[in-house]
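Values in this document were obtained by computation on a predicted structure and should not be read as measured data. Numbers for residues simply follow the sequence, beginning at 1. Counting starts at 1 for both ligands and their atoms, following the listed order.
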Amino acid sequence: MKKRKIWIDCDPGIDDAFAISLAAACQDQLEILGISTVAGNQSIERVTENARKLTAFLGIPQVPVAQGSACPLVREMISAAHVHGSTGLGDCSLPETEKKVVSENGILYLAKALLSLPEGEQATLVPIGPLTNIALLFRTFPEVREKIEGICLMGGAAVGGNVTATGEFNIWEDPEAAQVVFSSGIPLVMCGLDVTGRCGLNREHAKQLLESKSPVQKALGEMVSFYLKSPAYQNKSQAAIHDAVTITYLLHPEWFEGRAIHVEVDCSEGKNRGMTVCDFRTSAEGDYPVTVLLDVEAERVQEFWMEKLTGTRW
Ligand code: BDR
Ligand code: CA
């Protein structure tokens with residue numbers, strides 16, 4: 001079977017770490033070309049350090065890690081340290097490694113990686129942080145478009161938000177960048193809070209991971225436990241693992257329902273800044289390049305995650 005080539009753009013981040021782990025566990029179907037980092041959950045230095053260590057820890061040291069944007073396009077960066085802890089990975093400390101971050105800038109490195117794909121081959125972009133790098137990539141290297149099969153991102157929501165009433169973190173952090181990406185015309189799947197908020201792991205899963213002899217499973221268990229103890233999840237039965245939904249969708253789109261909808265990002269300075277405005281009217285203008293996921297078989301996703309994370313030799 002031909003593997004789908006993916007590039008992960010991320011800000012690890014607990015759920016980013018799960019997304020990377022899931023991709024690493026599914027290398028029979030996915031080829032991870034590389035990882036670029038973007039400031040979001042934590043500073044660019046911190047998330048890059050986490051990505052660097054994670055690749056070695058997960059047994060994928062050959063996957064290049066390149067450092068991208070240090071702040072959003074227009075506004076100053078506001079981290080989500082209150083959700084992911086001061087390290088970005090909760091209380092978890094990953095082992096040191098000799099693995100190095102590539103010396104080139106992440107956006108340039110990503111452009112070169114795409115442009116050097118053999119004739120007729122394409123990659124899928126999987127952005128799971130603010131869209132700063134991807135917007136800069138499209139603006140600086142428009143020629144990469146033909147090497148991109150599609151974008152499957154975590155961000156936004158058809159209804160509601162998690163930072164403000166209508167703003168989801170990744171989009172709210174850099175709405176101008178998100179608007180560039182959403183209006184790019186490249187086929188885009190939006191894994192927003194409508195589905196990611198329903199896909200999570202609970203205290204039983206955390207316990208099972210923590211009790212494992214595998215250092216990777218233990219670390220993942222520590223990260224879920226950190227989430228579950230945070231004020232956002234203390235009174236909830238499970239913690240959402242938003243970013244891992246992107247990888248899951250690529251492998252099992254049949255577990256999801258979506259609709260092609262025209263989406264605009266609110267870039268105003270008003271209270272809806274960062275909202276993904278989904279136009280459900282059939283008469284809406286535009287050519288609907290965005291597939292907004294609206295429903296998911298969440299239990300199957302949860303089972304799949306545990307099967308992959310506990311069934312991998314690491
Ligand atoms: C998104 O925000 C970040 O905190 C997570 O890593 C995820 O990408 C969820 O809103
Ligand atoms: Ca993220």
Side-chain angles (χ1 to χ4, degrees), residues 6-23 35-44 46-51 54 65 67-69 72 77-90 92 106 125-134 151-175 177-178 181 189-201 220 223-224 226-228 230-233 236 238-249 265 273-276 292-293 296 301 305:
I6 62 167
W7 183 283
I8 302 175
D9 185 70
C10 60
D11 58 340
I14 293 177
D15 54 336
D16 302 76
F18 270 84
I20 298 169
S21 305
L22 186 62
I35 293 177
S36 46
T37 57
V38 60
N41 285 326
Q42 261 291 356
S43 69
I44 190 65
R46 172 56 60 191
V47 298
T48 305
E49 182 67 354
N50 290 344
L54 268 170
V65 171
Q67 178 167 309
S69 312
M77 181 215 165
I78 301 173
S79 84
H82 56 292
V83 182
H84 299 262
S86 57
T87 68
L89 296 179
C92 181
L125 300 185
V126 186
I128 52 177
L131 289 160
T132 323
N133 288 343
I134 310 301
I151 302 169
C152 180
L153 63 82
M154 190 285 133
V159 179
N162 59 1
V163 186
T164 64
T166 53
E168 179 282 327
F169 180 77
N170 289 343
I171 307 298
W172 172 87
E173 178 80 6
D174 196 344
V181 175
V189 176
M190 176 176 123
C191 306
L193 297 175
D194 316 282
V195 287
T196 66
R198 292 171 46 202
C199 296
L201 294 175
L220 293 172
M223 291 185 222
V224 192
F226 183 89
Y227 257 168
L228 286 163
S230 75
Y233 291 115
K236 300 222 167 109
Q238 63 175 27
I241 312 289
H242 302 281
D243 291 340
V245 173
T246 53
I247 301 294
T248 313
Y249 176 80
V265 181
R273 181 173 167 80
M275 177 182 183
T276 42
V292 178
L293 300 186
V296 55
V301 172
W305 288 352

Does ligand 1 come near enough to [X] that some N or O of the ligand is less than 3.5 Å from an N or O of the residue?
X	value
Gly129	no
Asp243	yes
Asp15	yes

In terms of residue, atom name and distance, what is the protein heavy atom nearest to atom 10 (O) of ligand 1?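 Atom 10 (O) of ligand 1 sits closest to the protein heavy atom Glu168 OE2, 2.4 Å.
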Which residue supplies the protein heavy atom nearest to atom 3 (C) of ligand 1, what is that atom called, and how far is it?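 Protein heavy atom at minimum distance: Asn41 OD1, 3.2 Å.
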So how far is it from [X] [atom1] to [Y] [atom2], rounded to the nearest 0.5 Å?
X	Y	atom1	atom2	value
Thr248	Leu22	OG1	CG	5.0 Å
Met190	Thr196	CE	OG1	9.0 Å
Met77	Ile44	CE	CD1	8.5 Å
Thr87	Glu49	OG1	CD	11.0 Å

Over all atoms of both residues, closest heavy-atom pair of Phe169 and Asn162: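 Heavy atoms only, the tightest pair is N-OD1, 2.9 Å.
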For Asp243, what is the atom name of its N, O or S atom nearest to the Ca ion (ligand 2)?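 Nearest N/O/S atom: OD2.
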Is there an N/O/S atom in Asp11 at a distance below 3.0 Å from the Ca ion (ligand 2)?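 So Asp11 does bind the Ca ion (ligand 2) by this criterion.
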N/O/S atom of Ile128 inside 3.0 Å of the Ca ion (ligand 2), strictly under: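 Of the N, O and S atoms in Ile128, at least one lies under 3.0 Å from the Ca ion (ligand 2), which means yes.
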Is any side-chain heavy atom of Phe18 closer than 4.5 Å to one of Ile247?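 With C-beta onward as the side chain, the pair stays apart.
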